[in-house]
Amino acid sequence: MSEEASTEQRPSPSADPTLGLGNAASFEVQGDFERFNQRDDIFCRSFWDPEVRSEATDRFYATYREALANWRAVDGFTQRDYALRNASWHVTDVFAELKESEDRREGYLDELTVLRDAPDEQVEYESPQAAAAEIKRVAQLFGADLVGITDYDERWLYTHKYSREREAPKPNEQPDGLTHVIVVAKAMDHSLIETVPSALSGAATGWGYSADTLTLLALSQYIRNLGYQAIPTLNDTALAVPYAIKAGLGEYGKLGLVITPEFGPRVRFGKIFTDLPMELDLPKTFGVKEFCDSCNLCVDACPVGAIAGESPSEKVYNRSNIVGIKKWSVDAESCFGFWERQNSDCSICVRVCPYNRGWPDWIGRGWRRLAGSPLRRVAYWLDRIVGGGRRRAASWWWDQTAD
Ligand code: SF4
Ligand code: SF4
């Protein structure tokens, strides 16, 4: 079956400014929308922008590379905590550094390219549905915890990539013919996130990136072996949030991340751009917008007040906010400043979010049903009563290994 047949059956949401979320929209494109330039991403700015870069920035990045014994010697920030965190980033770092001599940081500023040539002959599928089902199965085989498929939508591509060598924008050019985007998600480890803030908890982030890198490369090679284009991307090339929403993986939450039904905001996304015709998934809602409207746990827990507690708006804190989208916004400068001061990334907002719990599946399903109903305040108070989102000591995490 042709791709036209597929989109005829399930209309593409790309023209819908609410990304298909309708009245429940918490991510709505406005008339003054401007595509985002990766140069304005807070991590790029931490290299070129004196408003962001400081001595603390250099120290923050140095903790990922240098001898670790002299960093903060408190629970969660010891040499062993940093050793684990930095090891978790190792796989993705190897790929990021592999082609630095060609002014490429693959996975962060440029797409991953460590792939073999493949045949021109294309494997034909019985239908786009069959192709989608197979790709999802293979993605899960290669380590994805969630997979969704949406259409290629140029609005979410960066206007420019960023060159670390020249500290300047560079073209973001993609080949012709790309039609679909496969969005994969890797869940971050729940027990590590319970120890946030700590250097130890950064291992959940790092391993999310490393695992995603392996999944993206293996799945892209498979698609190439089938005779189709496949471009694996991590943080590079395009914004992950709108693609993840369009691909039906979750809803936008007040903390500025996609909240998935299965893992809440505790996921890392990767994207593969392809011309393989597949059935499209559609955005879904499960009551996150309404729940966030009456929950402020992330707002209250953020140590630097970086999360706006107000209604979705076009609020722009600084140049790291995308212009022309009505949504909840986060002050990336304040957020990153806290990361620098504690010498590790922070996920306090993820830890406290009631959608991020390590409950057994059946309890999680029941809680989500309640949270998505008019009884959402009961769901909120249940989470409070059981002490959801409390911080555990890093030493608690290490002690598990002694059992
Ligand atoms: S990561 Fe930490 S500093 Fe940043 S918004 Fe979340 S709680 Fe605030
Ligand atoms: S902590 Fe509450 S307000 Fe924040 S994203 Fe989670 S559910 Fe929404």
Side-chain angles (χ1 to χ4, degrees), residues 21 24 26-27 41-43 45-46 52 56-57 60 76 188 190 192-199 201-202 204-206 208 241 244-245 250-268 285-312 315 317-318 320-321 327-357 359 364 367-373 375-384 387-391:
L21 296 173
S26 49
F27 195 98
D41 174 274
I42 194 70
F43 301 105
R45 291 179 64 203
S46 73
V52 178
T57 315
F60 169 75
M188 295 189 286
H190 182 259
L192 285 171
I193 293 291
E194 284 185 289
T195 73
V196 173
S198 66
S201 65
T205 315
V241 164
I245 297 172
E251 249 190 272
Y252 190 74
K254 194 180 274 186
L255 75 180
L257 300 172
V258 176
I259 295 186
T260 66
E262 297 83 355
F263 309 105
R266 187 173 37 89
V267 291
R268 303 241 65 102
T285 57
F286 53 103
V288 170
K289 164 79 168 58
E290 294 78 4
F291 193 92
C292 285
D293 277 340
S294 59
C295 168
N296 256 3
L297 287 173
C298 56
V299 177
D300 296 340
C302 177
V304 287
I307 305 172
E310 308 133 19
S311 300
K315 181 169 183 148
Y317 284 99
N318 51 60
S320 290
N321 292 111
K327 63 178 181 59
W328 284 297
S329 294
V330 172
D331 179 351
E333 288 182 9
S334 298
C335 175
F336 185 70
F338 181 68
W339 293 24
E340 289 177 324
R341 287 195 291 284
Q342 66 152 6
N343 290 334
S344 198
D345 64 300
C346 163
S347 301
I348 293 173
C349 47
V350 173
R351 168 168 61 80
V352 301
C353 180
Y355 285 95
N356 160 41
R357 297 292 175 254
W359 289 325
W367 185 86
R368 278 197 304 279
R369 202 165 296 141
L370 199 60
S373 78
L375 295 175
R376 60 186 67 91
R377 290 304 290 175
V378 177
Y380 177 90
W381 284 114
L382 279 177
D383 184 71
R384 298 295 76 215
R390 70 183 180 283
R391 183 190 184 198

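Remember, it's 1-based here, ligands and their atoms both numbered in the order they're listed.
Nearest to atom 2 (Fe) of ligand 1 among the protein's heavy atoms is Cys346 SG, 2.3 Å. Considering only non-hydrogen protein atoms, atom 7 (S) of ligand 2 sits nearest to Phe291 CD2, 3.5 Å.
Distances below 4.0 Å separate heavy atoms of Ile259 from the following atoms of ligand 2: 5 (S). Applying the 4.0 Å criterion to heavy atoms of Cys335 picks out, from ligand 1, the atoms 1 (S), 3 (S), 4 (Fe), 5 (S). Close contacts between ligand 1 and Ile348 involve ligand atoms 7 (S) [criterion: under 4.0 Å to a heavy atom]. Atoms of ligand 1 found under 4.0 Å from any heavy atom of Cys302 (numbered from 1 in listed order, with element): 3 (S), 5 (S), 7 (S), 8 (Fe).
No side-chain donor from either of Arg376 and Ser294 sits under 3.5 Å from a side-chain acceptor of the other. A donor-acceptor contact under 3.5 angstrom links the side chains of Glu340 and Thr57, judged on distance only.
Nearest heavy atom pair, residue Ala306 against residue Tyr317, reads O-OH, 4.0 Å.
Note on atom 4 (Fe) of ligand 2: protein N/O/S atoms under 2.8 Å are Cys298 SG.
Aromatic ring orientation, Phe291 versus Trp367: perpendicular (interplanar angle above 60°, classes split at 30° and 60°). Classification of the Phe27-Tyr252 ring pair by plane angle, with boundaries at 30° and 60°, yields perpendicular.
Two residues are said to be in side-chain contact when any heavy atoms from C-beta on lie closer than 4.5 Å; Lys315 and Asn321 fail this criterion.
Ligand 1 lies out of reach of Phe336, whose nearest heavy atom is not under 4.0 Å from it.
At least one test fails for Arg341 against the ring of Phe338: distance under 6.0 Å to the centre or angle within 45° of the axis.
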Only pairs under 3.5 Å count here: list side-chain donor-acceptor contacts from residues 344-353, not counting sequence neighbours, and write none if there are none.
from   : atom 1 : to     : atom 2 : distance (Å)
Ser344 : OG     : Arg85  : NH1    : 3.1
Asp345 : OD2    : Thr205 : OG1    : 2.7
Arg351 : NE     : Val196 : O      : 2.8
Arg351 : NH1    : Gly389 : O      : 2.7
Arg351 : NH2    : Val196 : O      : 3.2

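Residue Pro265 is tested with Asn356, Val288, Thr260 for a side chain to side chain contact (heavy atoms under 4.5 Å, CB included); the sole match is Asn356.
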